[in-house]
Amino acid sequence: MSMQPPIEIRKSRIGDIPDILRIFSAARQYMRINNNHSQWSDHYPDKSDVLNDISQGVSYVGIDSEGDIVMTFAFIKGEDPTYKIIYEGNWLNEDEYGTIHRIASNGKIRGVLEAACNFGFQKVQNIRIDTHEDNIPMLRALHHLGFVRCGIIICRDGSPRIAFQKIKDKMENKFYILSELLKQDRSYRRFDENIKIDKDTLKKLVVLTRYCSSGRNLQPLKYFLACDEEKCEQIFPLLKWAGYLEDWDGPVKGERPTAYLIQCLDTNITKNYLCDDGLQLQAITLGATALGLGCCIIKSFNVVKLKEILRLEEHLSPLYVLAIGKPVEEVVIEDMKEVGEENIKYYRTLDKVHHVPKRSLEELLINK
């Protein structure tokens with residue numbers, strides 16, 4: 001496979017404007033061909049945007065080996081006003097960052113975003129960027145380069161964009177990816193029943209358990225997959241939901257899970273599964289979170305009736321029911337105000353936001 005020649009990045013000049021506008025036009029046409037009809041109107045970005053970027057010293061172009069301008073972007077170091085408030089998530093950190101805007105190519109080269117990021121990481125340790133939900137090629141490129149989806153920001157024109165961030169240090173970036181997944185990996189109890197989950201998705205989640213540690217490497221846990229409507233309707237009445245919400249009987253019709261994984265112990269292998277259950281459940285819920293789904297781990301259920309409707313053999317003992325679906329509720333983590341049994345209880349406010357108190361780091365540390 002031939003390697004693409006390197007792209008030289010330099011600051012834009014007034015004489016580059018015609019080439020930059022042609023690149024913008026090509027990018028706009030590419031968006032429309034790829035069903036992105038919402039981003040970059042006929043009047044944005046235009047000549048005035050380029051002139052402003054050049055005057056601010058933030059406009060750049062990429063030059064190929066023939067000396068032709070093949071890409072352009074704005075790289076702005078420092079706080080972006082539209083990034084001050086982020087919805088449905090959080091930035092990875094509040095350290096100094098640079099932002100990539102108005103990035104485009106002539107459509108004849110690959111690796112444009114990577115080239116811009118490599119340039120940006122020479123100046124800062126953090127890069128933030130946003131794009132429209134319809135910009136599928138850009139979303140794929142961001143995922144490929146290891147950017148973390150952080151939430152939603154609102155542009156100056158009032159339209160939403162998906163916000164991403166990447167940290168230069170690869171190990172630190174991986175840590176933040178895991179940290180954000182754990183923060184998002186909450187117990188959800190209300191779902192959109194219109195969003196169905198197929199058996200292949202459930203299998204994809206169960207595959208994750210193969211990579212978990214297992215006591216004595218016995219691997220005694222097995223899973224029953226349930227995603228057809230009839231089976232889900234049979235399982236739901238056997239479950240008990242949210243013990244702390246005493247006045248709530250569980251999700252109503254239309255907000256119930258659309259799939260279940262039943263974790264079972266194969267007693268033919270062992271009767272002591274040690275800590276395997278929790279390790280595997282966490283792996284599955286993290287995987288579901290990464291797929292945009294939500295879960296609720298349920299321990300309280302009618303074991304006898306569940307075994308009956310699933311027709312489980314005698315040696316398979318159900319341990320947990322994992323309810324899965326597309327969440328429709330907001331769950332927030334908050335610091336526990338005071339130490340005590342009453343203060344550990346999760347609760348739901350009138351706006352249907354689910355609040356989960358967590359102990360402080362200081363309380364968790366034995367030796368500070």
Kindly say whether [Y] contributes a backbone atom to a donor-acceptor pair with the side chain of [X] at under 3.5 angstrom?
X	Y	result
Ser179	Phe175	no
Lys168	Phe121	yes
Arg256	Pro251	yes
Asn343	Pro357	no
Lys231	Ile309	yes
Lys166	Leu145	yes
Thr201	Ile197	no
Glu255	Arg190	no
Thr267	His315	yes
Thr258	Ile195	yes

Between [X] and [Y]: side-chain donor-acceptor atoms closer than 3.5 Å:
X	Y	value
Asn272	Thr270	no
Asn93	Gln165	yes
Asp53	His101	no
Gln219	Asn217	yes
Glu329	Tyr188	no
Asp16	Ser12	no

If you round to the nearest 0.5 Å, how far is [atom2] of [Y] from [atom1] of [X]?
X	Y	atom1	atom2	result
Glu133	Thr131	CD	OG1	10.0 Å
Ile298	Leu238	CD1	CG	10.5 Å
Leu365	Arg359	CG	CZ	13.0 Å
Asp266	Lys271	CG	NZ	10.0 Å
Phe301	Ile235	CZ	CD1	10.5 Å
Leu205	Leu291	CG	CG	6.0 Å

What do you reckon, is [atom1] of [X] surrounded by more than 12 foreign heavy atoms closer than 6.0 Å?
X	atom1	answer
Tyr347	OH	yes
Tyr30	OH	no
Asp95	CG	yes
His355	NE2	yes
Ile33	CD1	yes
Arg140	CZ	no
Lys199	NZ	no
Glu230	CD	no

Non-hydrogen atoms of [X] and [Y] that approach each other most closely:
X	Y	value
Glu79	Pro81	O-CD, 3.7 Å
Glu193	Lys196	O-NZ, 2.9 Å
Ile324	Cys295	CG1-SG, 4.0 Å
Ala242	Arg189	CB-NE, 3.5 Å
Ala259	Leu202	CB-CD2, 4.0 Å
Phe191	Ala323	CZ-O, 4.4 Å

Any salt bridge between [X] and [Y], counting N to O under 4.0 Å?
X	Y	value
Asp247	Arg348	no
Lys305	Glu308	no
Arg22	Asp19	yes
Asp335	Lys358	no

Less than 4.5 Å apart, side chain to side chain, heavy atoms only: is that true for [X] and [Y]?
X	Y	value
Ile7	Met71	yes
Leu322	Ile284	yes
Tyr260	Leu225	no
Ile85	Ile154	no
Glu330	Glu88	no
Cys264	Leu319	no
Asp68	Asn106	no
Val50	Pro45	no

Should the pair Trp91 and Tyr97 be assigned to parallel (<30°), tilted (30 to 60°) or perpendicular (>60°) ring geometry? parallel
Hey, mind stepping through Lys11 and Ile54 against side chain to side chain contact (heavy atoms under 4.5 Å, CB included) and telling me if it holds? CA-CA 8 Å; Lys11 283 194 173 183; Ile54 292 175; over 6 Å; no
Check which hydrophobic residues are tied to Leu364 through side-chain heavy-atom contacts below 4.5 Å, counting indirect links as well, and list them.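 Joined to Leu364, directly or through intermediates: none.
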Give a yes/no verdict on a cation-pi contact between Lys299 and Tyr320, requiring under 6.0 Å between NZ or CZ and the six-membered ring centre and an angle within 45° of the axis. yes
Run the ring-centre check on Phe119 versus Tyr60 and record whether the distance is less than 6.0 Å. yes
Within the 6.0 Å centroid threshold, strictly below: Tyr346 and His354: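 Close enough - the centres of the two rings lie under 6.0 Å apart.
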Could you go through Ile127 and Phe147, starting from their C-alpha distance and side-chain angles, then the distance that decides it, and tell me whether this counts as side chain to side chain contact (heavy atoms under 4.5 Å, CB included)? CA-CA 9 Å; Ile127 291 179; Phe147 275 81; 4.1 Å; yes
Run Ile344 and Met336 through side chain to side chain contact (heavy atoms under 4.5 Å, CB included) and show every step you take. CA-CA 7 Å; Ile344 65 171; Met336 191 183 297; 3.5 Å; yes
The test is side chain to side chain contact (heavy atoms under 4.5 Å, CB included); show your working for Lys253 and Glu233 and say whether it passes. CA-CA 10 Å; Lys253 189 70 175 173; Glu233 288 182 354; 3.3 Å; yes
Determine, stepwise, if the pair Arg102 / Asp49 fulfils salt bridge (charged side-chain N to carboxylate O under 4.0 Å, His left out). CA-CA 9 Å; Arg102 294 177 284 283; Asp49 296 303; 5.7 Å; no
